[in-house]
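Worksheet for the structure shown next.
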Amino acid sequence: MAQLIDSFGRRVEYLRLSVTDRCDFRCFYCIPKGFKGFFESKNCLTRDEFVRLVRLFSELGVDKVRLTGGEPLVRKDIIEMVRSLSEIPGINDLSMSTNASRLEEHAASLKRAGVSRINVSLDSLDSGRFREITQGDLERVISGLKAARQAGIHPIKINMVVMRDRNLDEVGDMVDFCIENRYTLRFIETMPVGAAGQDARNSYVSLEEVRCILEQRFEFEPSKMRGAGPAKYLRVKGKRLKIGFITPMSQHFCESCNRVRLSAEGVLYLCLGQQDQLELRPLLRQEASDEQIKNAILEAISRKPERHDFNNRPQQVVRVMSMTGG
Ligand code: SAM
Ligand code: SF4
C-alpha cells in the first residue's frame with residue numbers, strides 16, 4: 001500500500017480538517033477585526049466530500065483525524081459527520097478542537113458519535129478579559145466543559161494561548177483550575193498566521209518565560225503523554241496534572257511533523273506556516289477517480305516543506321487561522 005512519506009522521510013499519519021471557517025467567537029489573534037472574507041457555502045466541501053477524502057487518506061495510512069475550524073460545532077451536520085468519519089476503517093483516533101461555546105448541547109451526542117477526546121480553547125478565567133480576547137461568553141465555555149466531563153469525554157485538554165498584557169498573569173491560576181478539574185493543560189505561543197496573528201505579535205511570550213514564572217509556585221518533573229504531538233510535557237510534582245508546552249516560535253518541532261491540514265474549501269495545506277497546497281475540490285467535483293485523487297495527494301506530500309518560516313518571514317501566511325484550524 002502506498003504511504004504518505006515526504007521527501008524528508010517524515011510519515012504523514014495525521015489529518016486536521018477545518019470543517020468550517022465560520023466561528024461564533026472572534027479571538028483577536030485568529031480572525032481579523034471586521035473580517036468579511038469567509039468562504040461561500042457553494043465552495044465548501046459537503047459532508048460526503050469530506051468523508052470520501054478522509055477514506056482516501058486512511059487508505060494512504062492516515063489513522064488520526066482532528067475536527068477543527070473555525071468552530072466545528074457551528075456546522076449543522078457535525079454530529080452526522082463525526083458518525084460517518086468514525087465508521088471509516090483505519091481511523092483509530094477522532095478528536096475535536098472547540099471553543100466549547102456549544103459543547104453543553106452537543107457533548108453527549110459527540111461522544112456517542114465517536115469523538116473520544118477534545119481540546120478546548122480557554123485563554124482566561126476572568127469573564128471580562130475572556131470577552132475582550134474572544135468576544136465570547138466564559139460561562140458557556142465552563143458549562144460546556146462540565147457537560148463534556150459528564151458525557152465521559154477523556155482526556156479534556158485546555159489550550160491557552162499565552163499573551164503579554166492579556167493573560168500572562170493568569171498562568172498559575174490556570175494550572176490550579178486544571179488540577180482542580182482534572183484537565184490536561186497546554187500552553188501555546190502566538191503564531192503570525194494571517195493579519196490577526198501578525199497583529200498579535202506584540203503579545204508574543206516565549207513559553208520559557210512562562211515556565212520560569214510557574215517554577216516560582218510549582219515543582220515540575222518530566223512527563224510523557226500518549227499522542228502528545230509537538231507538545232513537551234511536564235507534570236506538577238505530587239499531582240496528576242500534565243502541562244504541555246507548544247513552542248512553534250521559540251523551539252520549532254518541524255523535524256517530527258506528521259500532519260497536513262484540509263480547509264473547508266478542500267485545499268490541502270502541507271504546512272501551517274507555508275503557502276504550499278493542493279486544491280482537492282476541483283478533483284472531487286470533476287469526478288476524478290479514487291486512484292487519481294490518491295495520486296494527487298501522494299505527489300503533494302512529496303512537496304511538503306521542510307519547516308515553517310514564522311521567525312524569518314512572519315508576514316508570509318496571509319490566510320486567517322480559522323481557514324486551516326491551527
Ligand atoms: N475554534 C476552535 C478552538 O478555538 O479551539 C478550533 C479552531 S482554533 C483556530 C484552533 C487553535 O488555534 C485554538 O487553540 C486557538 O487558540 C489557536 N490559534 C488561533 N490563532 C492562533 C495564533 N495566531 N497563534 C497561536 N494559536 C492560535
Ligand atoms: Fe474561533 Fe477558535 Fe479562532 Fe477563536 S481561535 S476565533 S474560537 S476559530
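All values derive from a computational prediction rather than experimental measurement. Atoms within a ligand are numbered from 1 in the order they appear, just like the ligands themselves.
- Residue contacts with ligand 1, taken as heavy atom pairs separated by less than 4.0 Å, do not involve V120 at all.
- Note that atom 27 (C) of ligand 1 has protein non-hydrogen atoms nearby, at separations under 4.0 angstrom.
- Inside a 4.0 Å radius of atom 17 (C) of ligand 1 there is not any protein heavy atom.
- Close approach to N159 involves these atoms of ligand 1, each under 4.0 Å from a residue heavy atom: 14 (O).
- The aromatic ring centroids of Y233 and F245 lie 6.0 Å or more from each other.
- Ring geometry, F220 versus F218: the interplanar angle falls from 30° to 60°, so the pair is classed tilted.
- Annotation: E287, atom CD; neighbour count of heavy atoms from other residues, nucleotides and ligands within 6.0 Å does not exceed 12.
- Considering only non-hydrogen atoms, atom 4 (Fe) of ligand 2 lies nearest to C27 out of P72, G69, C23, C27.
- What sits closest to atom 5 (O) of ligand 1 on the protein, heavy atoms only, is S121 OG, 2.7 Å.
- Taking every heavy atom of T190 and a limit of under 4.0 angstrom, the matching atoms of ligand 1 come to 24 (N), 25 (C).
- Protein heavy atom in closest approach to atom 12 (O) of ligand 1: G326 CA, 4.0 Å.
- Results of the side-chain hydrogen bond (donor to acceptor under 3.5 Å, both in side chains) test with S95 over R66, K157, K64, R16 single out R66 as the only residue that passes.
- Close contacts between ligand 1 and G197 involve ligand atoms 23 (N) [criterion: under 4.0 Å to a heavy atom].
- The nearest protein atom to atom 10 (C) of ligand 1, hydrogens excluded, is given as G325 O, 3.6 Å; this is a heavy-atom distance.
- When only non-hydrogen protein atoms are considered, atom 8 (S) of ligand 1 lies nearest to G69 O, 4.3 Å.
- Polar contact with ligand 1: present for E71 (N/O pair, distance under 3.5 Å).
- Of the N or O atoms in Y29, one or more lie within a sub-3.5 Å distance of an N or O in ligand 1.
- For residue C30, no N/O/S atom approaches atom 4 (Fe) of ligand 2 to within less than 2.8 Å.
- In this structure the side chain of N159 never reaches within 4.5 angstrom of the side chain of F187, judged on heavy atoms.
- Environment of CD in E139: sparse, with no more than 12 heavy atoms of neighbouring residues, nucleotides or ligands closer than 6.0 Å.
- Rounded to the nearest 0.5 angstrom, S101 OG and R140 CZ are separated by 5.5 Å.
- Summary of contacts: the protein heavy atom closest to atom 19 (C) of ligand 1 is M321 CG, 3.4 Å.
- When each atom of ligand 1 is checked for a heavy atom of T68 under 4.0 Å away, the hits are 6 (C), 7 (C).
- In this structure, L15 CG and I91 CD1 are separated by 7.5 Å, a value rounded to the nearest 0.5 Å.
- Assignment of V161 to the shell around ligand 1 is supported, since a heavy atom sits closer than 4.0 Å.
- Residue G194 places no heavy atom under 4.0 Å from ligand 1.
- The existence of a salt bridge linking R47 and D77 is confirmed by a sub-4.0 Å separation between a basic side-chain nitrogen and an acidic carboxylate oxygen.
- Among protein heavy atoms, the minimum distance from atom 1 (N) of ligand 1 is reached at G70 O, 3.0 Å.
- Every atom of ligand 1 is numbered from 1 in the order shown, and the set under 4.0 Å from a heavy atom of E189 is 25 (C).
- Counting non-hydrogen atoms of neighbouring residues, nucleotides and ligands closer than 6.0 angstrom, the CG atom of D165 reaches no more than 12 such neighbours.
- Heavy atoms of G70 approach ligand 2 to within less than 4.0 angstrom.
- Between the side chain of E49 and the main chain of T46, a donor-acceptor pair closer than 3.5 Å is present.
- Here the CD1 atom belonging to I5 is positioned 4.0 Å from the CZ atom belonging to R11, to the nearest 0.5 angstrom.
- Other residues, nucleotides and ligands contribute only 12 or fewer heavy atoms inside 6.0 Å of the CD atom of E219.
- Nearest protein heavy-atom neighbour of atom 24 (N) of ligand 1: M191 N, 2.8 Å.
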